[in-house]
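From a predicted model like this one, the values you see are computed outputs, not experimental measurements. The first residue in the sequence is number 1, and the count goes up from there.
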Amino acid sequence: AHTCPTLSPQELEEVRRWEGARDVRLLDGNVRRWRGLLLPKNSPYNTGAFCFELTFSPNHPLEPPQTTLRTPIYHPSVDLEGRVCQPLTTYVHWEPTTRAIQVLQDLLLQLDSPDPQRVLRPDVAQELQEHPEEFRHRAEEHTRLHAEPRPDP
């Protein structure tokens, strides 16, 4: 099997050792598609785990990877398809030296601190700004209903 030389096994190992994620593995044995669980630290998301996929372009690391959340989440920066508004992985900000773990750490940080400036769901962002209590309550309920069970530490 020919593996892409730019994506080193060390990067996957690095992510597997990181406490912010669990069960990180190759999807269908494809070195360019990773799947795992992200474990937010802060409420309203820290009662569950969120399945993510990280897809690397054939031109990696010259092009940014794509992050998708497969678990529904009530968050201003994640749309209903699971696309994430993540400046780090846009062509404008992407650096070929950025490691996979940095992309996931950035994503987790973003889940943990919703920013109404990074918007893919304007209604949710508006609720976060104008009615933070309602937002929190709705996000907690959504997490309870949709998130993956949190694995034991």
CD/Gln66: more than 12 non-hydrogen atoms of other groups inside 6.0 Å: no
State which residues pass salt bridge (charged side-chain N to carboxylate O under 4.0 Å, His left out) with Arg150; sequence neighbours excluded, sorted by chain then number. none
Separation of Gln129 CD from Gln126 CD (nearest 0.5 Å): 8.0 Å
Check: Gly82 main-chain N/O paired with Thr68 side-chain donor or acceptor under 3.5 Å: no
Would Leu104 and Leu37 show up in the same hydrophobic cluster when neighbours are defined by side-chain heavy atoms closer than 4.5 Å? no
Within the 4.5 Å heavy-atom criterion, are Arg99 and Glu14 side-chain neighbours or not? yes
Can you tell me how the ring of His146 sits relative to the ring of His142, calling it parallel under 30°, perpendicular over 60° and tilted otherwise? tilted
Report yes if the side chains of Tyr74 and Arg121 come closer than 4.5 Å at any heavy-atom pair, otherwise no. yes
Which heavy-atom pair separates Glu148 from Cys51 by the least distance, and what is that distance? CG-N, 4.2 Å
In Å and rounded to the nearest 0.5 Å, what is the CG to CZ distance from Leu128 to Arg138? 12.0 Å
Heavy atoms only: give me the nearest Pro96-Leu62 pair and the separation to one decimal. CG-CD2, 4.4 Å
Locate the shortest heavy-atom distance separating Trp94 from Thr89; write the atom from each residue and the value. CE3-CA, 4.3 Å
Does the Trp34 side chain pair with the main chain of Phe52, one donor and one acceptor, at a distance under 3.5 Å? no
Please name all residues satisfying side-chain contact (heavy atoms from CB on, under 4.5 Å) with Glu133, sequence neighbours left out, ordered by chain then number. none
Which heavy atom of Pro76 sits nearest a heavy atom of Val124, and at what distance? N-CG1, 3.6 Å
Between Glu63 (side chain) and Ser57 (backbone), is there a donor-acceptor pair under 3.5 Å? no
Residues which pass side-chain contact (heavy atoms from CB on, under 4.5 Å) with Arg33, listed by chain and number, not counting sequence neighbours: Leu27, Asn30, Glu53, Thr55
Any side-chain hydrogen bond (donor to acceptor under 3.5 Å, both in side chains) involving residues 16-25? Give me the pairs, sequence neighbours left out, ordered by first then second residue. Glu13-Arg16
Gap between atom CG of Leu12 and atom CD1 of Ile101 - 0.5 Å precision: 10.5 Å
Donor-acceptor pairs are to be reported for all side-chain atoms of residues 106-116 against protein atoms at under 3.5 Å, with residues two or more places apart or in another chain.
from: Asp106; atom 1: OD2; to: Gln86; atom 2: NE2; distance (Å): 2.9
from: Gln110; atom 1: OE1; to: Arg118; atom 2: NH1; distance (Å): 2.5
from: Gln110; atom 1: NE2; to: Cys85; atom 2: O; distance (Å): 2.4
from: Asp112; atom 1: OD1; to: Lys41; atom 2: N; distance (Å): 2.9
from: Asp112; atom 1: OD1; to: Asn42; atom 2: N; distance (Å): 2.8
from: Asp112; atom 1: OD2; to: Lys41; atom 2: N; distance (Å): 3.0
from: Ser113; atom 1: OG; to: Leu109; atom 2: O; distance (Å): 2.7
from: Asp115; atom 1: OD1; to: Gln117; atom 2: N; distance (Å): 2.7

Report the distance from atom CG of Leu38 to atom OG1 of Thr71, rounding to the nearest 0.5 Å. 9.0 Å
Of all pairs that satisfy side-chain hydrogen bond (donor to acceptor under 3.5 Å, both in side chains), the ones with a partner from residues 43-52, not counting sequence neighbours: Ser43-Arg136
Shortest non-hydrogen contact between Val119 and Ala125, atoms and distance: CG2-CB, 3.7 Å
Could you grab the distance from atom CD of Glu134 to atom NE2 of His137, nearest 0.5 Å is fine? 9.0 Å
When clusters are formed by joining ILVMFWY residues with side-chain heavy atoms under 4.5 Å apart, either directly or through shared neighbours, do Phe56 and Leu69 land in the same one? yes
If every non-hydrogen atom of Leu39 is compared with every non-hydrogen atom of Ala49, which pair is closest and at what distance? CD2-CB, 3.6 Å
